[in-house]
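Shown next, in structure tokens, is the structure this report addresses.
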Protein chains: 2
Amino acid sequence: MSSPQTLEPAVDADCCAPTQKPAISAGEAHHRALVFKALADPNRLRLLSIVKRADGGEACVCDLTEPLDLGQPTVSHHLKILVEAGLLSREKRGTWAYYSLVPGAVERTAGLLASL
Amino acid sequence: MSSPQTLEPAVDADCCAPTQKPAISAGEAHHRALVFKALADPNRLRLLSIVKRADGGEACVCDLTEPLDLGQPTVSHHLKILVEAGLLSREKRGTWAYYSLVPGAVERTAGLLASL
DNA sequence: CGGCAAGATTGATGAATGTCGATATCTGAA
DNA sequence: TTCAGATATCGACATTCATCAATCTTGCCG
């Protein structure tokens with residue numbers, strides 16, 4: 001195990017790095033990855049963009065199916081993923097379901113990057 | 001080469017914009033999704049976190065295999081994805097390969113979110 | 001030269017994902 | 001109540017992905 005820099009293995013009680021947490025925990029990484037997974041699809045990014053620019057800040061599924069050139073079940077599936085990631089919110093009025101950006105969600109996601 | 005039609009109706013304040021660009025293009029969405037795909041894995045997020053906090057801002061593969069509990073080929077594979085996404089840079093010195101954060105890459109990625 | 005260590009690449013495999021067609025659920029109107 | 005439209009859910013399929021074992025490439029040093 002030749003290491004280029006002599007790294008003392010696991011003798012904690014060290015003087016010089018008191019809270020040297022080496023990285024975010026596996027659980028925290030898993031949680032953050034869920035949000036980025038929701039953003040890791042072109043059609044979902046376009047959905048966010050369309051909803052953000054939509055009149056009134058909200059759009060229903062029928063307005064989203066055509067510009068993406070996707071079937072209605074597929075759009076509904078993507079919207080569900082975005083809602084579960086905390087990026088979109090859903091409000092049903094009558095027969096229609098209106099989706100809108102969760103306030104501050106984009107800023108919080110950017111914070112997940114900065115605090116890596 | 002400059003097209004005279006490249007003026008966009010940006011500052012026409014009160015008048016409505018009839019040709020409202022509905023969203024980012026499919027190609028742009030695809031390009032941005034590549035970056036978020038690189039972030040959509042817990043182990044890659046931990047890799048970024050470890051490299052960011054590493055002494056000197058860089059770490060070699062041998063330092064990354066153990067904390068992630070992954071095999072060396074798998075770590076190498078993840079690092080390649082992060083390099084191709086423009087988040088990490090690779091510098092080979094001797095037998096060792098040192099990875100470090102690309103300056104400003106995290107901020108640029110946050111900008112991809114804000115400009116949706 | 002030969003051997004060795006670090007890291008990258010290849011091939012294979014099981015799991016996760018995006019998409020669609022068919023169907024179910026729910027709501028307003030006749 | 002019955003019908004029609006909007007949306008959600010289910011089942012299936014093809015593709016992508018994460019991981020590992022084995023192998024290859026490269027650079028160091030005896």
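Every chain is numbered from 1 and lettered A, B, ... according to where its sequence line falls, protein lines coming before strand lines. Keep in mind that the numbers below use all heavy atoms, side chains included, and drop hydrogens, waters and symmetry copies.
Atom P of nucleotide dG18(C) and atom NE2 of His30(B) are separated by 14 Å, given to the nearest angstrom. Going from atom NE2 of His77(A) over to atom P of dA16(C) covers 14 Å, rounded to whole Å. Spacing between atom NZ of Lys80(B) and atom C1' of dT10(C) amounts to 11 Å, rounded to whole angstrom units. Here the P atom of nucleotide dG18(C) and the CG atom of Leu68(A) are 14 Å apart, to the nearest Å. The interatomic distance linking Asn43(B) (CG) with dC17(D) (P) rounds to 16 Å, in whole Å. Going from atom CG of Asp63(B) over to atom P of dA5(C) covers 17 Å, rounded to whole Å. The distance between atom CZ of Arg93(A) and atom P of dA6(D), rounded to the nearest whole Å, is 16 Å. Rounded to an integer number of Å, the gap from NZ of Lys37(B) to C1' of dA18(D) is 14 Å.
Just one residue in the list Asp41(A), Val35(A), Leu39(A) forms a side-chain contact (heavy atoms from CB on, under 4.5 Å) with Phe36(B), and that residue is Leu39(A).
Residue Trp96(A) places its side chain closer to dA6(D) than to any other of dA6(D), dG18(C), dC28(D). Of the candidates dA6(C), dG18(C), dA8(D), the closest approach to any side-chain atom of Ser76(A) belongs to dA8(D). The side chain of Ala97(B) lies closest to dG7(C), out of dC20(D), dG7(C), dC20(C).
His78(A) comes within contact range of the sugar-phosphate backbone alone, with a heavy-atom separation under 4.0 Å but no base atom that close. As judged by a 4.0 angstrom heavy-atom cut-off over every strand, Tyr99(A) is placed among residues touching the sugar-phosphate backbone only. Nucleic acid contact for Arg44(A): sugar-phosphate only, since backbone atoms but no base atoms lie under 4.0 Å from a heavy atom of the residue.
By the 6.0 Å contact criterion, CD on Glu66(B) is open, its count of non-hydrogen atoms from other residues, nucleotides or ligands being 12 or less.
Thr74(A) has a side-chain polar atom (N or O) that falls below the 4.0 Å cut-off from OP1 or OP2 of dC20(C).
By the 6.0 Å and 45° rule, Arg93(A) stacks over the aromatic ring of Tyr98(A).
Taking 4.5 Å as the limit, every side-chain heavy atom of Tyr99(B) sits out of range of all side-chain heavy atoms of Glu58(B). Arg108(B) places a side-chain heavy atom less than 4.5 Å from the side chain of Val102(B).
Nearer the 5' end of DNA chain C, as judged by each residue's closest nucleotide, is the contact made by Ile81(A), out of Gly94(A) and Ile81(A). Where Pro73(B) and Ala40(A) each meet DNA chain C at their nearest nucleotide, the meeting point lying more 5' is that of Pro73(B).
Between the side chain of Gln72(B) and the base of dA8(C), a donor-acceptor pair under 3.5 Å is found.
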